[in-house]
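Letters A, B, ... mirror the listed sequences (proteins, then strands); counts begin at 1. The figures here come from the full heavy-atom set of this structure, side chains too, leaving out hydrogens, waters and symmetry mates.
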2 protein chains.
Amino acid sequence: MLSIGSLAKRTGVKVPTIRYYEQMGLLKAAERSEGNQRRYERSDLERLAFIRHARDLGLDIPAIRELIRLSEHSQQPCADADRIAAEHLAAVREKIARLRKLEQELDRIVSHCDGGHSIEECYVIRALSDHGLCEGEH
Amino acid sequence: MLSIGSLAKRTGVKVPTIRYYEQMGLLKAAERSEGNQRRYERSDLERLAFIRHARDLGLDIPAIRELIRLSEHSQQPCADADRIAAEHLAAVREKIARLRKLEQELDRIVSHCDGGHSIEECYVIRALSDHGLCEGEH
DNA sequence: ATAATTCCTACAGTCACTAGAGCTTCAAGA
DNA sequence: TCTTGAAGCTCTAGTGACTGTAGGAATTAT
């Protein structure tokens, strides 16, 4: 049986975050010691590792909740789990695409300006003031 | 003189967002009509366009506040404005790099699984349960 | 004149935590 | 056994950049 602190150390998830996951229904309410402190077992450690891994991949809490639900029905088809992951992948790709446009635009603005002149002539400021100086839309 | 609604329409910034920018000190407190409604002039429209453009490029509010401050000292050198933009560009690039790693990992997980089998065998679920199945670190 | 629209302030909610206050329990050394 | 310090508990508020709502006042259109 692990205390919340040891569970935190072993998984790299901070103590308040573990309590938060319990509150959000990702971890089932832990058993308690006589003095009302949480006590965890191996299965909790595995589930927390699952959650952390999913969060590291950027999945949000409702998605993780759903994945946990699915993982408990081992005989069901896995199409739903697939769909969640695929949708998230698509969202990540969209974010990348948007950021790449930003990167281009910022790069263009920054490299027009070498910091050696006055604000009045500064391309950074001028580009922000005047959308017409932009190349793409954003 | 524009009402807050017309200013919103012309700039594409929502009415509550305009009030929020005023609260955050990006827009100076607007003049008021007899009945206490905000009235804007051309210069406010330009500043709001500046703010919106900067937000579209992903700059946060403190950065925008600083840029506005700088833009009001037209004789100062523009090194600070440059630095803000360059730092932001670097942050954007970092975000892209992180997302690309995620994309790779998610792609690998998703393409291992065609949705045609049971949860028990599902690569999505298994990959989340077992970090050992990952290629890179994240 | 009246009805429809827009405006006002102030406050709650979003997401995934994080930090703090004020108190209790636990583990280890003397 | 006692003490002390670390770790635990609950509850609340704060983060960033808005968005939404409630309840009421002002403005605009018919």
Side-chain angles (χ1 to χ4, degrees), chain A residues 1-27 29-40 44 48 50-68 84 87-88 91-92 95 98-99 102 138, chain B residues 1-27 29-40 44 48 50-68 84 87-88 91-92 95 98-99 102 138:
Chain A
M1 298 296 268
L2 300 168
S3 69
I4 197 170
S6 345
L7 184 63
K9 243 176 229 152
R10 279 174 197 242
T11 56
V13 179
K14 285 179 192 157
V15 168
T17 306
I18 295 175
R19 289 197 276 250
Y20 171 74
Y21 287 158
E22 178 183 319
Q23 215 188 334
M24 293 297 102
L26 298 186
L27 289 169
E31 291 176 51
R32 298 294 180 120
S33 73
E34 278 189 18
N36 196 36
Q37 301 194 355
R38 291 171 178 82
R39 292 293 174 257
Y40 296 95
D44 297 311
L48 184 52
F50 180 100
I51 294 166
R52 181 187 148 84
H53 196 178
R55 284 293 302 130
D56 283 348
L57 287 169
L59 288 151
D60 63 16
I61 282 174
I64 297 173
R65 215 181 341 241
E66 179 69 1
L67 285 173
I68 288 172
I84 290 171
E87 278 175 10
H88 181 56
V92 167
K95 246 185 221 165
R98 244 180 308 125
L99 283 173
L102 284 193
H138 36 232
Chain B
M1 299 295 268
L2 299 167
S3 69
I4 196 170
S6 347
L7 183 63
K9 241 175 232 155
R10 279 176 198 240
T11 56
V13 178
K14 287 182 189 153
V15 169
T17 305
I18 296 174
R19 289 197 277 248
Y20 171 74
Y21 288 158
E22 179 183 318
Q23 215 187 334
M24 293 297 101
L26 299 186
L27 289 169
E31 291 176 51
R32 300 294 181 121
S33 72
E34 278 188 20
N36 197 36
Q37 301 195 355
R38 291 170 178 81
R39 292 293 176 258
Y40 295 95
D44 298 310
L48 185 51
F50 180 101
I51 294 166
R52 182 187 148 83
H53 196 179
R55 285 292 303 128
D56 284 348
L57 287 169
L59 289 152
D60 62 15
I61 282 172
I64 297 174
R65 215 181 339 241
E66 179 68 2
L67 284 173
I68 288 172
I84 290 171
E87 279 174 9
H88 181 57
V92 167
K95 248 186 219 163
R98 246 180 306 125
L99 284 173
L102 283 193
H138 38 231

Quick check for you: among D/dC18, C/dT6, D/dG8, whose closest atom lies nearest to any side-chain atom of A/Q37?
D/dG8

Between CG of B/L57 and C1' of D/dA17 the distance, given in whole Å, is 16 Å

Hey, are the side chains of B/R39 and B/S3 touching, using non-hydrogen atoms and a 4.5 Å cut-off?
yes

Check: A/M24 main-chain N/O paired with A/R65 side-chain donor or acceptor under 3.5 Å:
yes

Answer yes or no: does a side-chain N or O of B/K14 lie under 4.0 Å from OP1 or OP2 of D/dC18?
no

Round to a whole Å and report the spacing from CD1 of A/I4 to P of D/dT10.
9 Å

Report the distance from atom CG of A/N36 to atom C1' of C/dC23, rounded to the nearest whole Å.
13 Å

Rounding to an integer number of Å, can you tell me how far A/I61 CD1 sits from C/dC17 C1'?
8 Å

B/S3 side-chain N/O to C/dC7 phosphate OP1/OP2 under 4.0 Å:
yes

Protein-nucleotide distance (B/I18, atom CD1; C/dC7, atom C1'), rounded to Å:
12 Å

For A/L59 against A/I64, the heavy-atom pair lying closest together:
O-CD1, 3.7 Å

A/S33, nearest nucleotide to its side chain (from C/dC26, D/dA17, D/dC9):
C/dC26

Minimum-distance nucleotide to B/R39 side chain [options: D/dT27, C/dA16, D/dA17]:
D/dT27

Looking only at side-chain atoms of A/P16, point me to the closest of C/dT18, D/dC9, C/dC17.
C/dT18

Using a heavy-atom cut-off of 4.0 Å across all strands, would you classify A/R19 as base, sugar-phosphate, or nothing?
base

Least distance between heavy atoms, B/S6 atom then B/L2 atom
CB-CD2, 4.0 Å

Would you kindly give the CD-to-C1' distance between B/E31 and C/dC7, to the nearest whole Å?
17 Å

Exam field: side chain A/H88 to backbone A/L57, donor-acceptor pair closer than 3.5 Å:
yes

Is the distance from OP1 or OP2 of D/dT10 to the nearest side-chain N or O of A/R32 less than 4.0 Å?
yes

For B/R55 and D/dC18, what is the distance between atoms CZ and C1' respectively, to the nearest whole Å?
9 Å

With a 4.0 Å limit, can you tell me whether A/Y21 has a side-chain N or O closer than that to the phosphate oxygens OP1/OP2 of C/dA16?
no

Without decimals, in angstroms, what is the distance between A/D60 CG and C/dT14 P?
14 Å

Phosphate oxygens OP1/OP2 of D/dC9: is one of them under 4.0 Å from a side-chain N or O of A/R38?
yes

Given C/dC17, D/dA17, D/dC9, which nucleotide is nearest the side-chain atoms of A/T17?
C/dC17

Mapping B/G35 and B/L59 onto DNA chain D by nearest heavy atom, which one lands closer to the 5' end?
B/L59

